[in-house]
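To start, the structure itself, in structure tokens.
Numbering of ligands and ligand atoms starts at 1, following listing order. Along the sequence shown, residues carry numbers from 1.
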Amino acid sequence: MSTIEQETETDEPTDESTDVAVESPGDRRRAEKRERTQAREDQRVDEGISEHEETITLKVFRYDPEVEGKEEPRFDDFTVPFHKGMTVLDALIYSRDHYDSSLTFRHSCRQAVCGSDALFINGSQRLACKTQIADLDAGTIRIEPLPHQEVVKDLVVDMEHFYDQMEAVEPYFDADELPEDELEEQRQDRENREKVKMSTRCIWCGACMSSCNIAAGDNEYLGPAAINKAYRFAMDEREGEQRKQERLKIIEQEHGVWRCQTQFSCTEVCPKDIPLTEHIQELKREAVKNNLKFW
Ligand code: FES
């Protein structure tokens with residue numbers, strides 16, 4: 001073997017020397033960082049998100065008492081491509097369909113009618129289907145279940161108690177007199193219709209109840225939604241005076257209208273703009289008038 005050949009062989013780096021260089025802590029960190037960046041890039045490509053596309057981050061509350069390792073409440077982050085007109089519900093559906101099919105939340109009509117997707121979004125009770133992402137200030141959108149309700153799983157809360165309170169005010173029309181012809185419409189005069197119009201818009205979403213400090217501290221308080229429902233029928237003249245008295249008795253009870261401290265939180269969060277606090281105050285006045293006695 002010539003001298004030149006000998007030198008060439010000697011200069012070649014051995015596998016051993018290469019390994020030593022890669023395993024230095026700095027190199028290892030840089031290699032890991034490169035891998036993470038590449039993995040993120042691959043994920044974006046898989047999801048069809050281009051490099052220049054605008055994205056938003058959802059921070060979503062997660063909790064599943066029935067699955068081992070998920071019983072502890074936590075937040076998961078989801079990066080979602082943003083498009084004009086996108087609602088929080090759209091972003092949640094994207095996250096469920098692209099990242100985690102176990103992500104659980106309620107929704108149905110997607111047009112602020114069924115009331116099933118009331119959530120705590122960026123610190124306020126809102127309908128996910130009615131909340132435009134473009135209208136939210138924060139770069140990261142924090143999504144939690146409605147406060148003051150028991151969480152069943154992820155963003156789903158137990159609405160049983162809320163429905164019980166609604167039932168307690170007998171939320172159905174009970175006419176004083178029925179028309180002779182059963183097919184005849186039971187007309188309401190225009191002024192009376194105007195008076196109850198806003199109260200009929202309730203979609204039973206529970207946002208008001210969740211925002212109410214009094215309801216949070218008094219489990220028996222009827223709450224703004226139920227009292228609004230009582231208002232809707234107590235003020236309907238077609239039910240007659242006697243039925244109105246019965247309805248006032250229900251809302252006058254210990255955990256009825258007098259619990260309200262006029263904080264307006266229910267009115268602020270109502271997605272249907274119902275003047276809930278105003279209705280509660282009006283029923284208080286009716287209750288006082290009802291109890292005045294003149295000898
Ligand atoms: Fe029905 Fe939002 S999905 S109110």
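- Residues Tyr163 and His161 keep their aromatic ring centres 6.0 Å or farther apart.
- No cation-pi contact links Arg74 to Phe61, judged by a cut-off of 6.0 Å to the six-membered ring centre and 45° from its axis.
- Because its NZ or CZ atom is not both nearer than 6.0 Å to the ring centre of Phe233 and within 45° of the ring axis, Arg243 does not count as a cation-pi partner of that residue.
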For a side chain to side chain donor-acceptor pair (under 3.5 Å) check, start with the C-alpha distance between Gln245 and Asn290, then their side-chain angles and the critical distance, and finish with the verdict. CA-CA 8 Å; Gln245 299 297 320; Asn290 201 36; 2.9 Å; yes
Give the intermediate values and the outcome of side chain to side chain donor-acceptor pair (under 3.5 Å) for residues Thr57 and Thr140. CA-CA 5 Å; Thr57 304; Thr140 298; 4.9 Å; no
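- Remark: Met209 CE to Ile227 CD1 distance equals 9.0 Å, nearest 0.5 Å.
- Inspection of the environment of atom 1 (Fe) of ligand 1 yields the following protein N, O or S atoms under 2.8 Å: Cys109 SG, Cys114 SG.
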